Number of protein chains: 2
Amino acid sequence: MIDPSADRAVFRQLADLLRDQITSGDLAPGEPLPSELRLAQEYAISRTTVRQAIGQLRTEGLVTVDRPRGTFVRVPEPTETITLPRGARAAARMPTDAERRHHRLPEGVPVLVITTSDGTTTVHPADRVQLTRP
Amino acid sequence: MIDPSADRAVFRQLADLLRDQITSGDLAPGEPLPSELRLAQEYAISRTTVRQAIGQLRTEGLVTVDRPRGTFVRVPEPTETITLPRGARAAARMPTDAERRHHRLPEGVPVLVITTSDGTTTVHPADRVQLTRP
DNA sequence: AGCGATTTGTTCGTATGTATG
DNA sequence: CCATACATACGAACAAATCGC
């Protein structure tokens with residue numbers, strides 16, 4: 001499973017394992033991951049290393065942590081479709097900490113920034129908003 | 001500067017400090033941050049905590065790490081503007097590992113996914129692409 | 001060419017705090 | 001009140017890559 005002597009870091013190997021289980025559906029959306037302590041014992045690695053692996057999946061937006069209930073496979077949010085106004089431009093980037101709190105964004109979710117032709121900008125959570133051009 | 005007894009975590013306080021220096025231009029694009037050891041000594045905190053703060057800035061796409069040369073303020077890429085086709089939809093999300101390698105994406109950079117009306121999808125690095133509707 | 005210093009990466013151990021059940 | 005589980009923070013050690021002398 002995990003080879004400490006391998007070239008790839010242990011925490012990346014664990015992240016790969018968990019990511020595979022998520023993308024394959026073995027771990028379905030809403031399902032909890034095993035606890036950090038459980039994973040540490042199961043793979044005979046430290047809890048710090050487990051947390052590094054889970055941290056990786058968090059930045060990828062694959063899991064969310066509901067402290068202290070556990071870590072769960074992220075459930076896709078229903079998306080709202082927004083029309084990109086004429087002459088407007090749209091870009092995507094990671095939110096700042098303040099924007100994360102303001103929009104109650106889970107980790108690993110970008111924001112869509114729309115700048116209209118009059119210069120005003122709006123910020124939308126990318127997990128709940130799609131753009132379209134009719 | 002940093003108050004260990006404050007409500008906000010120390011590593012977030014340091015991330016805030018560095019982020020302010022970056023957004024204010026005090027730390028210009030391409031400039032190196034002080035080394036982890038230097039920051040740890042300067043603020044009398046552990047290197048682990050410094051790394052947490054820098055990790056935060058990495059996920060926000062504000063800095064990139066060139067190991068072992070140092071950590072640098074990310075230099076904005078020249079952006080290309082793409083017209084969102086009629087009937088198409090656009091979404092943003094974090095790239096998969098494969099997409100990161102394929103597009104040579106640094107950490108903390110989302111992708112723009114454009115789905116045209118015929119169902120084909122294209123993936124664009126969000127640090128180099130903007131959308132527009134003429 | 002070599003060698004030491006510097007810097008980031010990884011991993012371990014440990015401890016305390018906080019929220020939930 | 002107690003057990004569980006995640007958050008934060010400290011310290012330590014070694015590896016790997018780069019740089020300057």
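This is a predicted model, so every value here is computed, not measured. The chains referred to below are lettered A, B, ... by the order of the sequence lines, with proteins before strands, and numbering in each begins at 1.
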Whole Å only: how far is the [atom1] atom of [X] from the [atom2] atom of [N]?
X       : N      : atom1 : atom2 : answer
B:Asp66 : D:dA16 : CG    : C1'   : 14 Å
A:Leu37 : D:dC6  : CG    : P     : 9 Å
A:Arg51 : C:dT10 : CZ    : P     : 17 Å
A:Phe72 : D:dA5  : CZ    : P     : 11 Å
B:Gln13 : D:dT8  : CD    : P     : 12 Å
B:Glu36 : D:dG11 : CD    : C1'   : 15 Å

Ignoring hydrogens, what is the shortest heavy-atom contact between [X] and [Y]? Give both atom names and the distance.
X        : Y        : result
A:Val129 : A:Leu112 : O-CD1, 3.7 Å
A:Glu60  : B:Asp97  : OE2-OD1, 4.2 Å
A:Leu105 : A:Pro125 : CD2-CB, 3.4 Å
A:Pro106 : A:Arg100 : O-CD, 4.0 Å
B:Phe11  : B:Thr49  : CB-O, 3.6 Å
B:Arg74  : B:Val109 : NH2-CG2, 3.6 Å

message: Heavy-atom nearest nucleotide on DNA chain C for B:Pro34 versus B:Thr48: which residue maps closer to 5'?
response: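 Mapping each residue to its closest nucleotide by heavy atoms, the 5'-most match is B:Pro34.
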
From [options], pick the nucleotide closest to the side chain of [X]?
X       : options               : result
A:Ser35 : D:dC6, C:dT8, D:dA9   : D:dC6
A:Thr49 : C:dT10, D:dA7, C:dT11 : C:dT11
B:Ser46 : D:dG11, C:dG9, D:dA7  : D:dG11

query: Under the 4.5 Å side-chain heavy-atom rule for ILVMFWY, direct or indirect, which residues accompany B:Val75?
result: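 Under the 4.5 Å side-chain rule, B:Val75 groups with nothing.
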
Pairwise N/O distances under 3.5 Å, protein to nucleotides 15-21 of chain C:
unit_1 : atom_1 : unit_2  : atom_2 : d
C:dG17 : N2     : A:Arg67 : NH2    : 2.8
C:dT18 : O4'    : A:Arg67 : NH2    : 3.3

query: Counting only heavy atoms not in A:Asp3, do more than 12 fall under 6.0 Å of its CG?
result: yes

- prompt: To the nearest 0.5 Å, what is the distance between CZ (B:Arg47) and CD (B:Glu36)?
  reply: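 Reported value, rounded in 0.5 Å steps: 4.5 Å.
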
- request: List in numerical order all residues of residues 52-64 of chain A for which some heavy atom is under 4.0 Å away from an atom belonging to DNA chain C.
  value: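 Within this stretch, A:Gln52 sit under 4.0 Å of the strand.
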
Indicate, with a heavy-atom threshold strictly under 4.0 Å, whether [X] touches base, sugar-phosphate, or nothing.
X       : value
B:Arg38 : nothing
A:Arg12 : sugar-phosphate
B:Ile45 : sugar-phosphate

- request: Quick one: list whatever passes salt bridge (Lys or Arg N to Asp or Glu O under 4.0 Å) with B:Asp16, sequence neighbours left out.
  value: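 By the salt bridge (Lys or Arg N to Asp or Glu O under 4.0 Å) rule, B:Asp16 matches B:Arg8, B:Arg19.
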
message: Test side chain to side chain contact (heavy atoms under 4.5 Å, CB included) on B:Leu14 and B:Leu18; report intermediate values, then the result.
response: CA-CA 6 Å; B:Leu14 176 56; B:Leu18 295 173; 4.1 Å; yes

Side-chain polar contacts of residues 86-95 of chain A - donor-acceptor pairs under 3.5 angstrom, sequence neighbours left out - could you list them?
unit_1  : atom_1 : unit_2  : atom_2 : d
A:Arg93 : NH1    : A:Glu99 : OE1    : 2.9
A:Arg93 : NH2    : A:Glu99 : OE2    : 3.0

Expected rows: protein N/O vs nucleotides 1-3 of chain D N/O, under 3.5 Å:
none

